[in-house]
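Down below is the structure, laid out as structure tokens.
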Amino acid sequence: MTTLLLVGGTGEARALAAALDGTPGLRVVSSLAGAVARPRLPVGEVRIGGFGGPDGLARWLTEHQVAAVVDASHPFAARISASCVAATTITGVPLLRLERPAWTPSPGDDWRLVPDVATAAALLPELLSGLLPSEVPTGLPRERPSGAAEPHGRVLLTTGRRDLPAFYDVPGVSLVARCVDPPADPVPPHVDVLLDRGPYNVEGETELLRSRAIHVLVTKNSGGALTEAKLVAARSLDLPVVMVQRPLPAPAARPPAVVHDVDAAAAWVRDLLP
């Protein structure tokens with residue numbers, strides 16, 4: 001029996017587990033980090049929790065006689081991806097990275113590309129101050145709250161609950177923070193937490209942006225179809241999007257092979273079978 005470790009937590013990982021389910025001679029173990037309270041579980045065998053860094057993962061691979069690893073973790077899960085590279089280098093186990101393609105701007109998009117969340121937060125005051133009354137996106141409120149001494153904007157954050165504190169001190173901003181799970185600590189009064197999870201559709205995302213009177217969307221370039229609707233909605237309303245780019249792995253943390261679709265990953269796994 002050939003054992004595959006599938007580092008998951010993404011739609012692509014669940015799709016790959018389903019594609020490989022029932023393959024003769026193959027045991028697939030899907031590993032989830034445990035960052036979400038109620039994760040969507042793939043078919044087949046599942047383990048939840050960390051490995052204890054690269055050395056712990058290397059020990060796990062050896063103890064369980066793992067023949068190959070597919071890292072299908074989130075594009076922003078840089079630490080686990082680096083651990084996969086390090087552990088498979090130590091053990092000599094073949095590694096494949098399954099990574100969904102990044103989003104790219106379409107005609108009509110107004111994206112502001114930033115390297116990280118801190119830069120996104122620092123950009124907001126300047127960006128919102130440029131939204132003069134005549135420039136507020138179509139169909140959204142143009143007035144400032146009574147008594148406001150500085151530009152006041154409403155921002156939709158979809159960067160994840162762990163990144164929320166980076167935005168708490170941005171002046172003149174009200175935040176709508178959409179998260180799968182609630183933040184671990186209490187949030188300030190100007191932060192409205194919206195608990196929800198995809199997939200989303202364009203109609204629903206457009207209604208959210210309108211009903212919450214959002215002026216700017218801040219998101220990460222996660223890619224994929226499950227959460228892309230917010231970008232289409234923002235485009236239709238002429239909203240600027242602050243797009244946090246994916247982290248670039250250090251040379252030593254780059255995987256030896258990368259594919260961008262489930263079929264290619266499944267073929268790679270099947271080619272390893274005796």
Side-chain angles (χ1 to χ4, degrees), residues 2-21 23 26-33 35 39-40 42-44 46-47 50-51 53-58 60-61 64 66-106 111 113-117 159-160 198 219-228 231 243-273:
T2 299
T3 298
L4 169 75
L5 176 64
L6 174 51
V7 180
T10 61
E12 291 76 18
R14 292 189 294 273
L16 180 58
L20 296 174
D21 187 44
T23 300
L26 179 64
R27 173 196 177 209
V28 178
V29 181
S30 293
S31 177
L32 308 182
R40 291 193 176 102
V43 299
V46 179
R47 69 172 300 279
F51 293 96
D55 292 337
L57 177 54
W60 197 93
L61 296 178
H64 291 81
V66 173
V69 176
V70 174
D71 172 20
S73 60
H74 193 275
F76 282 81
R79 183 176 299 178
I80 184 60
S81 291
S83 289
C84 288
V85 172
T88 54
T89 300
I90 292 170
T91 58
V93 172
L95 169 66
L96 178 72
R97 170 67 173 154
L98 169 57
E99 183 171 275
R100 70 181 74 137
W103 293 316
T104 56
S106 297
W111 288 12
L113 305 182
V114 295
D116 50 44
V117 168
T159 55
T219 192
K220 291 178 174 178
N221 197 334
S222 301
L226 290 180
T227 59
E228 187 177 17
L231 302 177
M243 183 70 72
V244 180
Q245 298 292 79
R246 296 179 178 184
L248 293 176
R254 292 173 184 165
V258 181
V259 296
H260 299 290
D261 64 84
V262 171
D263 289 344
W268 182 87
V269 172
R270 293 189 177 105
D271 285 344
L272 295 176
L273 296 175

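For this chain, numbers begin at 1 and follow the sequence in order. Computed from a predicted structure; not experimentally measured. What's counted below: heavy atoms across the whole structure, side chains too, no hydrogens, waters or symmetry copies.
Residues Trp103 and Lys220 share a closest heavy-atom pair of CZ3-O, 3.2 Å. Among all heavy-atom pairs drawn from Ala86 and Pro54, the shortest one is CB-CB, 3.7 Å. Heavy atoms only, all atoms of each residue included: Gln245 and Phe76 are closest at O-CE2, 3.3 Å. Annotation for Thr89 and Val85: closest pair OG1-O, 2.7 Å, computed over non-hydrogen atoms. Closest of all the heavy-atom pairs between Thr10 and Ala72 is OG1-O, 2.6 Å. When all heavy atoms of Leu98 and Ala265 are compared, the closest pair comes out as CD2-CB, 4.1 Å.
Heavy atoms of other residues, nucleotides or ligands lying less than 6.0 angstrom from CZ of Arg79 number 12 at most.
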Pairs of donor and acceptor atoms involving the side chains of residues 251-263, under 3.5 Å and at least two apart or interchain, shall be tabulated with distances.
from: His260; atom 1: ND1; to: Glu99; atom 2: O; distance (Å): 2.8
from: Asp261; atom 1: OD1; to: Asp263; atom 2: N; distance (Å): 3.2
from: Asp261; atom 1: OD1; to: Ala264; atom 2: N; distance (Å): 2.8

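By the side chain to side chain contact (heavy atoms under 4.5 Å, CB included) test, Ser81 is found to be paired with Asp71, Ser73, Arg97, residues two or more places apart in sequence or in another chain being considered. Partners of Asp21 by side chain to side chain contact (heavy atoms under 4.5 Å, CB included), not counting sequence neighbours, listed by chain and number: Val43. Partners of Thr23 under the side chain to side chain contact (heavy atoms under 4.5 Å, CB included) rule, at least two apart in sequence or in another chain, are Leu20, Leu26, Arg270, Leu273. In this view, Trp60 and Phe51, His64 satisfy the ring pair (Phe, Tyr, Trp, His ring centres under 6.0 Å) rule, not counting sequence neighbours. A search for side chain to side chain contact (heavy atoms under 4.5 Å, CB included) contacts involving Ser106 returns Asp109, Arg235, not counting sequence neighbours.
The CG atom of Leu57 sits 6.5 Å away from atom OG of Ser83, with the distance rounded to the nearest 0.5 Å. Expressed to the nearest 0.5 Å, how far CG of Leu5 lies from SG of Cys84 amounts to 7.0 Å. Note that the CZ atom of Arg40 and the CG atom of Leu32 stand 12.5 Å from one another [nearest 0.5 Å]. Within the model, atoms CG of Leu6 and CZ of Arg14 stand 11.0 Å from one another, a figure rounded to the nearest 0.5 Å.
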Give the C-alpha distance, both sets of side-chain angles, the deciding distance and a yes or no for side-chain contact (heavy atoms from CB on, under 4.5 Å) between Arg27 and Thr2. CA-CA 6 Å; Arg27 173 196 177 209; Thr2 299; over 6 Å; no

CA sep, side-chain torsions, deciding dist, call: Ile90, Asp55, side-chain contact (heavy atoms from CB on, under 4.5 Å): CA-CA 8 Å; Ile90 292 170; Asp55 292 337; 3.8 Å; yes

Leu16 vs Val70, side-chain contact (heavy atoms from CB on, under 4.5 Å): CA-CA, chis, key distance, verdict: CA-CA 10 Å; Leu16 180 58; Val70 174; 3.7 Å; yes

Report the C-alpha separation of Val66 and Leu4 in whole Å, then their side-chain angles, then the decisive distance to 0.1 Å, and conclude whether the side-chain contact (heavy atoms from CB on, under 4.5 Å) test is met. CA-CA 6 Å; Val66 173; Leu4 169 75; over 6 Å; no

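Two residues are said to be in side-chain contact when any heavy atoms from C-beta on lie closer than 4.5 Å; Leu96 and Val69 fail this criterion. The shortest distance between side-chain heavy atoms of Met243 and Leu231 falls below 4.5 Å.
Checking side-chain atoms of Arg100 against main-chain N and O of Ser222 turns up a donor-acceptor pair under 3.5 Å.
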